[in-house]
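First the structure, in the form of structure tokens, and then the observations on it.
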There are 2 protein chains.
Amino acid sequence: MSTIKDIARHAGVSVATVSYVLNNTRYVSPDKRERVIAAVQELNYVPNAAARGLRVRESRTIGLIVSDISNPFYPDLAKACEDVAQQYGYAVHMINTNDQPERMRQAVSQAREGKIDGLIVTTALEADRELLQSLLDREFPVVLAHRRLEGLDADLIESDNYEGGMLAARHMLALGHRRIAFLSGVAGSPISERRVAGYLQAMREAGIDVLAEWVLPGEAKYANSYERMVQYADMAPDTRPTAIINVSDIGAMGVLDAAADRGLRVPEDVAVMGFDDLFLAAFRSVRLTTVRIPRYELGRQATELLLKRIGKAKTERRHVVLPVDLVVRKTCGSEQADG
Amino acid sequence: MSTIKDIARHAGVSVATVSYVLNNTRYVSPDKRERVIAAVQELNYVPNAAARGLRVRESRTIGLIVSDISNPFYPDLAKACEDVAQQYGYAVHMINTNDQPERMRQAVSQAREGKIDGLIVTTALEADRELLQSLLDREFPVVLAHRRLEGLDADLIESDNYEGGMLAARHMLALGHRRIAFLSGVAGSPISERRVAGYLQAMREAGIDVLAEWVLPGEAKYANSYERMVQYADMAPDTRPTAIINVSDIGAMGVLDAAADRGLRVPEDVAVMGFDDLFLAAFRSVRLTTVRIPRYELGRQATELLLKRIGKAKTERRHVVLPVDLVVRKTCGSEQADG
DNA sequence: GTGAAAGCGCTAACAC
DNA sequence: GTGTTAGCGCTTTCAC
């Protein structure tokens, strides 16, 4: 493994000159420049990242925190993050927290060790607030993506969850439904809460009193949503909700399967919607009507913003809200069925 | 940001002593040890990774190369990788190559810069051979996961693709099928080729001549598999394959959808199988019979092996083949339908 | 236009 | 049992 000294010796110049041509940081005569370049080629030289990092105090690496990369919501976001990071010459550390604060602590540690120059957090939990705040206090670049943490003064890229909730409810209302349920996520999830709020608003506008039993918190996962749907299915047909909005597509799959298992036809007996617009929502056998969340864009913009932040420290905090849209397919039996 | 010097001063000891207690690398009297620990606590000290890395020539980071994290095959593998890396105190760089050799080059560059101590490659293409070999020549730890690269002398963790192909074909044969097609992946993909080989072997054992038109190479993706299935659907019923094995579950979804779009019933008119056993294969509306590939285990073992390799250089090359199994659901109309 | 040299924060060899 | 110090490979100031 050759070092800058080897190059200098080989090219008959000083190490300073080598550094200057490598980083284009000062004029060097064409002659020497060429000799340096030749030497680099010849010795197959690659600068050592640790040495450079130690000197200039940067790692050219960013951290990406997700709760669980095997949750199909995240891969697109992660892809976007890596795509833009790569483009700017940054590497990305992927960290799965599994929602354990302990893992978040390790991420913060990496930040403080200088292993990463900035952090994208897609899964900011209440339990992480203090940790994240400590980073912010040190002016360490942090951007929240997808999930907000109320009151934390960090950049935030999210999607319009409130609007999404409204869109979903209004769609069901327009189809003539009145008893519309919302299977939300865990209590305290701001994403879920915003969506519920939008739903409630649309219901209010329609003059409908929302029964407590229509808003069932739980996990946005398949199994838990399945169970919640079973409860509905067991209610009397004239009181049972005729429409179910699930806070995630994966959950909506659980709803769909529970309905089928209980002999309920979709959309005739019960209409179903999800959130996210995962790839699987488009399969012919699924055709899930859903609210599309721009996952790639979330990741892209979060990374762009973080990189900007890393460059020139103190800019005003940014809060961007990406638009969502309704994707009408078959599970609500809409007029706009798309084959 | 405090340094080891600050700690030394604060604790009234030398920097060496601080280093010794931090790394537990030599006996230090309880008295001093405690003072150091107190100082670390008090000044909220975290060692600088670049400095340490420069000195000891390690980054405590591994690289994970996937072609595309948004391909649902990879997240589980990536999760496993991160889980075990974390456990051993390593971070993981995720690199999406999108099958562009250029991206692989960047990964190799990171290796040579010392940003990573080892590399897991899940997507070794023929075009990457030279690059990978150059790493191996430098004794840089590389383990191939999932996809082999024939003749490359690196550790390899793969699944039993040949057996998988046999399992699939035999299942179809046992159900009475004779005209069994195999929609393979891109020509040259060793995974696909092994599966096809297994299928061919099972067909041979059954005494069936495999028609050329039954083995259609293409992309393992949804759209391309859909198109290939359309071709079959357009054949006369008495010559058309009655069973389709697709090299991936995602592709099998395309097959399923194409069949439905062409008015073919599954499994009555055509039986369908996939490979992988993605989460979506289990949905009630899908119930895809498939060959399960142990994705998490692939990632886990690859990472364990890589970490072992990083520790003590020269061990014998390992080649492990993980067993696969048949998951019988509904798309072949098997006797063992599981509701 | 170029070079000498200090120093980033750490580990570990060497000395006592 | 502990301290002094060289040096990892690089960037950049300062001097010419």
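So that the names make sense, note that chain A is the first sequence line, chain B the second, and so on, each numbered from 1. The structure displayed is predicted, hence computed values, not measured ones.
A side-chain contact (heavy atoms from CB on, under 4.5 Å) with A:Val121 is found for exactly one of A:Leu156, A:Leu144, A:Leu149, namely A:Leu144.
One interatomic measurement links the two molecules: CD1 of A:Ile7 to P of D:dC10, which rounds to 9 Å at whole-angstrom precision. Summarising the geometry, the separation between CZ on B:Arg112 and C1' on D:dG9 is reported as 15 Å, rounded to the nearest angstrom. Between B:Leu54 atom CG and D:dG7 atom C1' the separation is 9 Å, expressed in whole Å. Following rounding to the nearest Å, A:Met1 (CE) and D:dC10 (C1') show an atom-to-atom distance of 15 Å. In this structure, B:Lys115 atom NZ and D:dG9 atom P are separated by 18 Å, rounded to whole Å. Between the CZ atom of B:Arg9 and the C1' atom of D:dT2 there is a distance of 18 Å, given to the nearest Å.
At a threshold of 4.0 Å, the pair B:Lys79-A:Asp68 counts as salt-bridged, since one of the basic side-chain nitrogens sits closer than that to a carboxylate oxygen. Between A:Glu304 and A:Arg309 no salt bridge is recorded (no basic side-chain N to carboxylate O distance below 4.0 Å). Using a cut-off of 4.0 Å between Lys/Arg side-chain N and Asp/Glu carboxylate O, A:Asp6 and A:Arg9 are scored as salt-bridged. Of the charged side-chain nitrogens involved, none lies within less than 4.0 Å of a carboxylate oxygen, so that A:Glu113 and B:Arg52 do not count as a salt-bridged pair. Taking the charged nitrogens against the carboxylate oxygens, A:Arg317 and A:Asp153 do have a contact shorter than 4.0 Å, which makes a salt bridge.
A:Asp31 pairs by the salt bridge (Lys or Arg N to Asp or Glu O under 4.0 Å) definition with A:Arg35, not counting sequence neighbours.
Between D:dT11 and A:Arg57, no contact under 4.0 Å exists linking OP1 or OP2 to a side-chain N or O. B:Thr17 has no side-chain polar atom (N or O) that falls below the 4.0 Å cut-off from OP1 or OP2 of D:dT2.
Atom CD of B:Glu130 has 12 or fewer heavy atoms from other residues, nucleotides or ligands within 6.0 Å. The 12-atom threshold is not exceeded at CZ of B:Arg318, counting heavy atoms of other residues, nucleotides or ligands nearer than 6.0 Å.
Heavy-atom distances under 4.0 Å link DNA chain D to B:Val28, B:Ser29, B:Lys32 of residues 28-42 of chain B, given in residue order.
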| request: Going 5' to 3' through nucleotides 10-16 of chain C, assign each nucleotide B (protein heavy atom under 4.0 Å from a base atom), S (under 4.0 Å only from sugar-phosphate atoms) or - (no protein heavy atom that close). | output: BBBBB--
